[in-house]
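Position 1 is the first residue of the sequence, and the numbers go up from there.
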Amino acid sequence: MSLRRLSITNPPTIFLPINRPLTCVTSTPVISPLARHRQPEHLRPPLQQQKQPKPFDQSFLTWVISILSKKSLDTSICKDILTHLTPNQFDSLFFDIRSSVNPKTVLRFFYFASESCGYRFTVRSYCLLIRLLIFSKFIAPARLFLIRLLDWKLPVSFDNPKNRHLEIATALAELNSVSELSLSVQTFDLLIHVYCTQFGKVGFDSALDMFRLLASKGLYPSLKTCNFLMSSLLNVNELQKSYEVFDIICQGVLPDVYLFSTAINAFCKGGKVKDAMSLFLKMEQIGISPNVVTYNNIIHGLCKNGDIEEAIELKKKMIKNGLNPSLITYSVLINGLMKLEKIDEANCVLIEMSGKGFVPNEVVYNTLIDGYCKMGNVNHALKIRDAMISNGFIPNSATFNSLILGFCKIDQIDKAQQLLDEMLSRGLSINHVAFISVINWLCTNSRLDSALRFVWEMLLRNLRPNDRLLITLFCGLCKAGKPSEAVDVWLRLVEEGFAPNTVTSNVLIDGLCKAGNMPDAMRLLKEMLERGLQLDRITYNTLITGCCKEGKVEEGFKLREEMVKRGIQPDTFTYNLLIHGLCNVGKMDEAVMLWDECKKNHLVPNVYTYGVMILGYCKAEKTEEGKVLFDELLRKNMELNPVVYNILIKAYCRNGNMMEAFRLCDDMRSRGILPTPVTYGSLIHGLCNVGHVDAAKQLLDKMRKEGLFPDVVCYTALIGGYCKLGQMDKVGNVLQEMSLYDISPNKITYTVMIDGYYKLGNVKEADKLLAEMVEKGIVPDTVTYNALTNGFCKEGKVEEGFKICNQMSEVGIPMDEITYTTLINGWLQPSMVTNHE
């Protein structure tokens with residue numbers, strides 16, 4: 001369709017009906033392009049208003065024409081021309097003689113004058129040259145020259161350099177004339193094309209500015225270029241701008257089928273399917289017949305929107321109107337049906353497609369494979385892949401990615417991993433989700449080496465693992481004793497510009513601290529600070545936790561000072577950690593001072609803070625001071641928990657004050673807090689220590705009746721009580737009960753029993769237990785060997801005791817002070833001294 005200059009205020013009558021729906025589908029208010037882009041006064045005024053230079057002498061004109069019309073350029077004479085003319089004078093002269101000159105010679109003249117002489121031609125002079133080159137079919141030089149002008153690589157004075165694209169467009173528009181309308185259209189086409197293809201996103205904005213400006217003057221590029229502008233905006237997802245372009249076109253010219261198809265595609269892409277359908281109907285009303293592309297665009301939009309029935313009806317209408325569906329039509333319908341899991345209907349479309357002579361291509365095969373994989377029917381997907389191969393198509397990245405996700409969906413990760421390895425070996429592009437799905441499964445199943453290998457492959461391909469995956473990976477590596485690998489991944493992410501967020505970094509620091517790897521945790525903190533990454537209170541509290549667990553409380557206090565300097569205020573949890581650290585190393589006075597500071601800073605101690613302080617007092621053998629704090633808790637009506645009760649109960653049991661321990665247990669029940677296995681364990685241990693072993697056994701039976709399961713600690717305490725009383729027959733009964741409940745004796749259990757038998761002088765039974773212990777893979781420790789040594793020494797068999805020491809050395813178990821003391825005392829027994837004398 002040839003372009004005609006049309007008045008904006010009088011669009012073709014036939015097009016009036018679509019003005020309303022177009023306005024509705026545009027999200028921005030409709031503003032007159034003329035009002036929006038009326039040029040400010042500082043831009044160049046129209047030519048006819050410029051002050052005209054004095055008319056040139058005819059002989060001078062003839063002389064200039066003779067120079068610029070030759071095939072070659074005499075540069076020495078060029079300087080004479082330039083010295084006689086100002087830029088405005090040359091502009092006027094060039095306008096008069098433009099039809100009488102050689103375009104190649106003029107181009108050389110412009111380059112010589114601008115490059116060698118720094119001559120600043122006017123914007124209009126450059127525009128005249130561009131039009132001359134286009135008129136002479138020298139499109140490539142015109143394009144290059146225009147690019148240099150737009151890029152401000154030529155000496156020229158713009159009134160407003162930031163809006164030079166509008167200044168150039170204005171100059172070109174003012175050169176338009178009815179007799180040269182075709183030339184103007186070609187020039188506008190070139191201008192739009194250059195900006196859309198050479199200047200990125202800024203170019204699209206500038207192209208749209210110029211399009212608005214030209215339209216405000218009733219000027220339009222060709223419909224082909226209008227479609228190119230719309231398609232370019234659509235390709236970069238500038239949907240709103242593409243709607244605006246279509247609105248502007250409709251105000252001046254009648255769009256053709258290609259413009260309508262592009263506009264429909266834009267509306268469908270933006271989810272405006274109803275507006276696309278309205279446009280489709282208006283298109284038919286004004287006599288423009290949709291083509292296959294138009295139908296495909298709107299069918300695709302309907303399928304994406306889930307309106308599959310309407311899409312199928314539109315395909316039927318397409319056939320009724322004499323248009324044959326294309327391979328794309330069938331492919332889009334199959335994709336839409338598969339997404340809705342309408343397998344039978346999809347197969348019907350596939351059969352219809354084959355009946356029309358269409359052979360499924362890669363897209364159709366991959367659509368079917370992806371659909372079946374998403375439904376978990378991987379076996380059928382594999383059959384389609386085999387059919388795909390037999391028909392000469394090689395599975396591509398899309399095929400593999402779908403199958404990998406399908407295998408992940410049905411938990412066949414080994415097969416997914418095999419496919420992922422095959423993709424890597426073939427150099428195929430791997431879907432980000434496929435990588436993450438496989439790696440996540442490998443992490444959760446402790447196959448960390450394979451997971452780590454795929455993470456490195458992701459980073460090689462500039463793909464960032466998501467934070468959820470990184471958290472899983474970091475936790476797994478730290479728990480598996482591979483913290484350095486986790487740190488390496490973190491550092492690589494930072495180097496690649498994929499810096500993990502604060503939460504992910506905190507998880508890694510926490511993993512390092514829990515693994516006892518404080519040096520790496522502190523190194524990570526240093527890296528975060530040096531790289532300007534965001535830290536928070538959790539970062540510091542995690543590190544303080546690690547320091548305090550290792551007994552490095554002073555390091556914890558230094559971290560608190562640093563967090564305050566960085567504007568991060570300590571919270572109650574921070575104080576709890578430091579108080580706990582001080583209590584653990586027996587610095588109760590300092591802990592009390594920190595407790596007071598916490599309250600002074602308006603941070604209310606919570607039940608955990610009280611628990612930490614009570615535990616500290618109990619460890620320091622100041623149980624009654626701990627009880628004072630406990631009573632304070634009761635007075636404040638703070639919500640209690642079993643932990644606080646268990647701390648005091650254990651302390652009273654250790655001190656032999658069983659009456660107070662049981663009173664606390666009763667108080668616990670009265671407040672609706674049920675005793676835990678720890679509560680019963682402390683009470684059983686306490687009763688055994690004071691010789692009330694039968695009462696302890698009754699308590700263990702009561703514990704089981706309440707639905708609590710005694711563990712090896714409870715049973716070991718009971719065994720220890722019977723051993724102290726020398727009731728080894730009852731020890732056997734306890735062991736049988738443990739076996740009945742599938743509870744195996746541990747190292748401490750065996751040590752207690754060995755010590756019991758040796759104290760009774762039953763060395764044979766003790767040796768038997770030691771052999772059983774070793775046979776079960778339970779390695780004796782220093783305490784076990786000390787029990788053996790003590791038994792032999794009491795029997796006067798010091799030589800046997802020394803043999804035990806040799807065994808300790810052979811298996812790498814160090815002797816402690818008790819070992820040496822036992823041996824020396826045994827050696828100094830009168831019987832031993834007499835024997836040696």
Would you kindly check if the NZ (Lys) or CZ (Arg) of R461 is within the cone defined by 45 degrees around the ring axis of F435 and under 6.0 Å from the six-membered ring centre?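 No, R461 does not sit over the ring of F435.
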More than 12 heavy atoms from other groups under 6.0 Å of [atom1] on [X]:
X    : atom1 : result
Q569 : CD    : yes
K514 : NZ    : no
K415 : NZ    : no
E530 : CD    : yes
I538 : CD1   : no
R453 : CZ    : yes
K479 : NZ    : no
I778 : CD1   : yes

Before giving the answer on side chain to side chain contact (heavy atoms under 4.5 Å, CB included), spell out for C723 and V731 the whole-Å C-alpha distance, their side-chain angles and the decisive distance to 0.1 Å. CA-CA 7 Å; C723 286; V731 168; 3.9 Å; yes
Hey, could you give me the [atom1]/[atom2] distance between [X] and [Y], rounded to the nearest 0.5 Å?
X    : Y    : atom1 : atom2 : answer
I673 : Y645 : CD1   : OH    : 5.0 Å
E457 : L424 : CD    : CG    : 4.5 Å
M753 : Y757 : CE    : OH    : 7.5 Å
D449 : L442 : CG    : CG    : 10.5 Å
L648 : F630 : CG    : CZ    : 6.0 Å
M563 : Y540 : CE    : OH    : 7.5 Å

If I compare all heavy atoms of [X] with all of [Y], which pair ends up nearest, and what's the gap?
X    : Y    : value
P675 : L708 : O-CD1, 3.4 Å
M423 : S429 : CE-O, 3.2 Å
C408 : I413 : CA-CD1, 3.6 Å
E550 : G516 : OE2-O, 3.3 Å
K650 : S682 : CB-OG, 3.6 Å
V712 : S744 : CG2-O, 3.5 Å

Answer whether the closest heavy-atom distance between the side chains of [X] and [Y] falls below 4.5 Å.
X    : Y    : value
Q534 : M528 : no
Y617 : V592 : yes
T502 : S505 : no
L578 : R560 : yes
L493 : P465 : yes
Q417 : F407 : no
V752 : T749 : no
Y715 : L700 : yes

Under a 3.5 Å distance rule, please check whether [X] uses its side chain to pair with a backbone N or O of [Y] as donor and acceptor.
X    : Y    : result
N431 : V433 : yes
H432 : R464 : yes
N440 : I436 : no
T542 : D510 : no
N501 : V503 : yes

Can you check whether Y652 and F662 have ring centres sitting under 6.0 Å from each other? no
Any carboxylate oxygen within less than 4.0 angstrom of a Lys/Arg side-chain nitrogen, looking at [X] and [Y]?
X    : Y    : result
E561 : K558 : no
K768 : E772 : no
D666 : R663 : no
D488 : R492 : no
D631 : K627 : yes

Any idea how Y608 and F573 line up, ring-wise: parallel (<30°), tilted (30 to 60°), or perpendicular (>60°)?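 Correct class here is tilted.
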Test log, rule side chain to side chain contact (heavy atoms under 4.5 Å, CB included), inputs E737 and V734: CA-CA 5 Å; E737 185 176 323; V734 174; 5.6 Å; no
Donor-acceptor pair between [X] and [Y] side chains, under 3.5 angstrom:
X    : Y    : answer
N576 : H580 : no
Y680 : N646 : no
N584 : K549 : no

For side chain to side chain donor-acceptor pair (under 3.5 Å), just list the numbers for Y758 and D767, CA-CA rounded to whole Å, side-chain angles, deciding distance to a tenth of an Å, and then say yes or no. CA-CA 9 Å; Y758 270 119; D767 286 343; 2.8 Å; yes
Working for side chain to side chain contact (heavy atoms under 4.5 Å, CB included), residues F454 and D421: CA-CA 9 Å; F454 287 132; D421 279 321; 3.5 Å; yes
List the steps and the verdict of side chain to side chain contact (heavy atoms under 4.5 Å, CB included) for L529 and E562. CA-CA 11 Å; L529 292 171; E562 185 181 310; 3.3 Å; yes
D467/T504 under side chain to side chain donor-acceptor pair (under 3.5 Å): CA gap, chis, key distance, verdict: CA-CA 6 Å; D467 292 306; T504 309; 3.0 Å; yes
Applying the side chain to side chain contact (heavy atoms under 4.5 Å, CB included) criterion to L559, which one of L543, T574, N541, L577 satisfies it?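 Of all the options given, the one that passes is L543.
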